Protein chains: 2
Amino acid sequence: MKRDSRLSVALHVLLHMAQQDDQPVTSEQMAAWAMTNPVVIRRTFAGLREAGIVASTKGHGGGWRLGRATAAISLAQIQDALGEPLIALGKAEESPGCAVEQAVNAALDDAVAQARDLLNRKLATITLADLAADVGPMRHPSTEDQDHVV
Amino acid sequence: MKRDSRLSVALHVLLHMAQQDDQPVTSEQMAAWAMTNPVVIRRTFAGLREAGIVASTKGHGGGWRLGRATAAISLAQIQDALGEPLIALGKAEESPGCAVEQAVNAALDDAVAQARDLLNRKLATITLADLAADVGPMRHPSTEDQDHVV
DNA sequence: TTTCATGTAATTATATTTGTTACGTGATGA
DNA sequence: TCATCACGTAACAAATATAATTACATGAAA
């Protein structure tokens with residue numbers, strides 16, 4: 001693992017979920033898709049649940065399913081729900097009173113804010129349905145998992 | 001410490017250097033400005049030296065100075081010389097053969113590339129001279145350091 | 001009431017970044 | 001010449017951040 005990869009993990013799993021005919025999938029299944037741990041999935045998807053992007057049910061036969069149609073879920077919403085900056089400028093939090101530092105931060109903040117806005121607008125135009133279409137003609141294996149190489 | 005803060009550290013130090021009337025400053029002095037270690041400075045500035053943004057001389061009376069006028073040094077050049085992405089998308093390098101993963105990466109790469117381009121263009125328009133102007137009327141203490149609170 | 005699956009806290013592991021120590025090289029000046 | 005200064009780097013240690021794991025409580029279904 002390296003950087004914060006929650007967004008791509010979430011997208012990956014969500015797209016797989018979109019193929020599941022609204023059948024609930026367990027965090028264990030989802031973890032297999034993302035090659036990670038079930039707890040990591042539950043943790044990552046907690047934010048998505050709060051945002052209504054997914055819903056989860058406990059107990060026997062429980063699991064996770066999409067909260068609304070794939071066409072109504074944008075990448076921007078997902079990113080938001082994850083609480084991820086995606087564009088993170090590492091500023092050196094050094095001397096709060098230094099005028100030089102303030103000028104540096106102001107300039108960088110401004111430039112980064114614009115880039116971040118552009119990215120957000122771009123992500124807002126892409127839905128899960130769009131991505132699903134890009135994946136190409138996917139089968140709908142009733143419940144079986146294609147062992148991760150779909 | 002947190003994220004990769006080399007860019008803001010470099011900018012901070014470079015601006016201080018711009019006030020030094022082309023007098024060489026030692027890495028120890030620079031480290032004091034950035035509240036870090038001289039070796040960290042020498043390491044960080046190695047890339048800037050290769051890019052001609054700064055020059056260093058060894059031996060007695062040696063040190064670092066700007067390689068060209070502040071108006072000829074853009075933030076984009078500095079970022080480049082540091083070899084820093086600044087916008088890093090943490091993609092989960094999982095299953096290379098997974099069509100879902102490929103679709104996800106393609107979509108994100110495209111969006112991120114545009115944001116990165118915008119940021120680069122923005123940074124290319126800002127020079128050290130611009131930032132120095134933003135700092136406001138700065139004194140020119142012959143050789144003395146203002147103990148970091150300029 | 002047994003089993004399944006989520007919800008979370010706590011802990012451990014791993015990777016990245018930064019800080020430190022050590023020593024070599026070149027340049028200056030007494 | 002030689003002592004000193006300052007860079008150039010490798011090697012190592014420390015701090016941080018992220019992810020993985022363990023453990024257990026809660027709720028739902030069979």
Side-chain angles (χ1 to χ4, degrees), chain A residues 1-10 12-13 17 20 23-51 53-65 67 82-86 88-94 143, chain B residues 1-10 12-13 17 20 23-51 53-65 67 82-86 88-94 143:
Chain A
M1 281 103 251
K2 23 187 55 181
R3 294 270 177 146
D4 186 354
S5 58
R6 282 181 301 160
L7 179 58
S8 64
V9 165
H12 189 160
V13 171
M17 287 173 71
Q20 299 301 317
Q23 290 289 313
V25 295
T26 68
S27 58
E28 189 168 8
Q29 170 66 81
M30 294 155 79
W33 285 331
M35 302 214 314
T36 181
N37 193 287
V39 177
V40 173
I41 293 292
R42 298 204 286 265
R43 206 156 50 192
T44 301
F45 275 66
L48 300 183
R49 183 182 49 229
E50 288 171 21
I53 295 171
V54 294
S56 65
T57 58
K58 288 182 170 183
H60 198 124
W64 301 73
R65 71 185 70 196
L82 291 174
E84 212 179 345
L86 194 53
L89 170 63
K91 55 175 61 174
E93 38 182 342
E94 306 158 15
T143 47
Chain B
M1 291 104 248
K2 26 185 53 183
R3 294 272 178 139
D4 185 354
S5 58
R6 282 181 299 158
L7 179 58
S8 64
V9 165
H12 190 160
V13 172
M17 287 174 71
Q20 299 302 318
Q23 289 289 312
V25 293
T26 68
S27 57
E28 188 167 8
Q29 170 66 81
M30 295 154 78
W33 285 330
M35 303 215 310
T36 182
N37 193 286
V39 177
V40 173
I41 293 291
R42 297 204 285 265
R43 208 154 51 189
T44 301
F45 275 66
L48 300 182
R49 182 182 51 230
E50 287 171 22
I53 295 171
V54 294
S56 64
T57 58
K58 288 182 170 182
H60 199 125
W64 301 74
R65 70 185 72 196
L82 290 174
E84 212 180 344
L86 194 52
L89 170 64
K91 55 174 63 174
E93 38 184 342
E94 305 156 18
T143 47

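Labels below follow one simple rule: chain letters A, B, ... track the order of the sequence lines, proteins then strands, and each chain is numbered from 1. What you see is a predicted model; the values in this text were computed from it and never measured.
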| Between A:S5 and A:S8, is there a donor-acceptor pair closer than 3.5 Å when you use the side chain of the first and the backbone of the second? | no
| message | Looking at C:dG19, I'd like to know if its phosphate oxygens (OP1 or OP2) sit under 4.0 Å from a side-chain N or O belonging to B:T36. | response | yes
| query | Whole Å only: how far is the CG atom of A:L7 from the C1' atom of D:dT18? | reply | 16 Å
| request: Write down the distance between CG (B:N37) and C1' (D:dC12), rounded to a whole number of angstrom. | output: 13 Å
| request: Using atom CZ of B:R42 as one end and atom P of C:dT21 as the other, report the distance to the nearest whole Å. | output: 13 Å
| Protein-nucleotide distance (A:L48, atom CG; C:dT6, atom C1'), rounded to Å | 15 Å
| field | pair B:Q23-B:R65: side-chain heavy atoms closer than 4.5 Å | value | no
| Does the side chain of B:T44 pick up a donor-acceptor pair with the side chain of B:R6 at under 3.5 Å? | no
| task | Would you tell me if any nitrogen or oxygen in the side chain of A:S56 comes within less than 4.0 Å of OP1 or OP2 on C:dG7? | result | yes
| task | Measure the distance from CD on A:E50 to P on C:dT6 and round it to the nearest whole Å. | result | 17 Å
| message | Can you measure B:E28 atom CD to D:dC7 atom P for me and round it to whole angstrom units? | response | 9 Å
| message | Go nucleotide by nucleotide along DNA chain D from the 5' end; which of B:M30 and A:H60 gets its closest nucleotide reached first? | response | B:M30
| Are B:T57 and B:W64 close enough, and set up right, to give a side chain to side chain contact (heavy atoms under 4.5 Å, CB included), and what steps lead you there? | CA-CA 7 Å; B:T57 58; B:W64 301 74; over 6 Å; no
| message | Check this one for me: any side-chain N or O of B:S27 less than 4.0 Å away from OP1 or OP2 of D:dC7? | response | yes
| In whole angstrom, what separates B:K58's NZ from C:dT25's P? | 9 Å
| request: Assign each of A:R43 and A:G61 to its nearest nucleotide of DNA chain D by heavy atoms, then name whichever residue's nucleotide is nearer the 5' end. | output: A:R43
| message | Can you measure A:R49 atom CZ to C:dA5 atom C1' for me and round it to whole angstrom units? | response | 12 Å
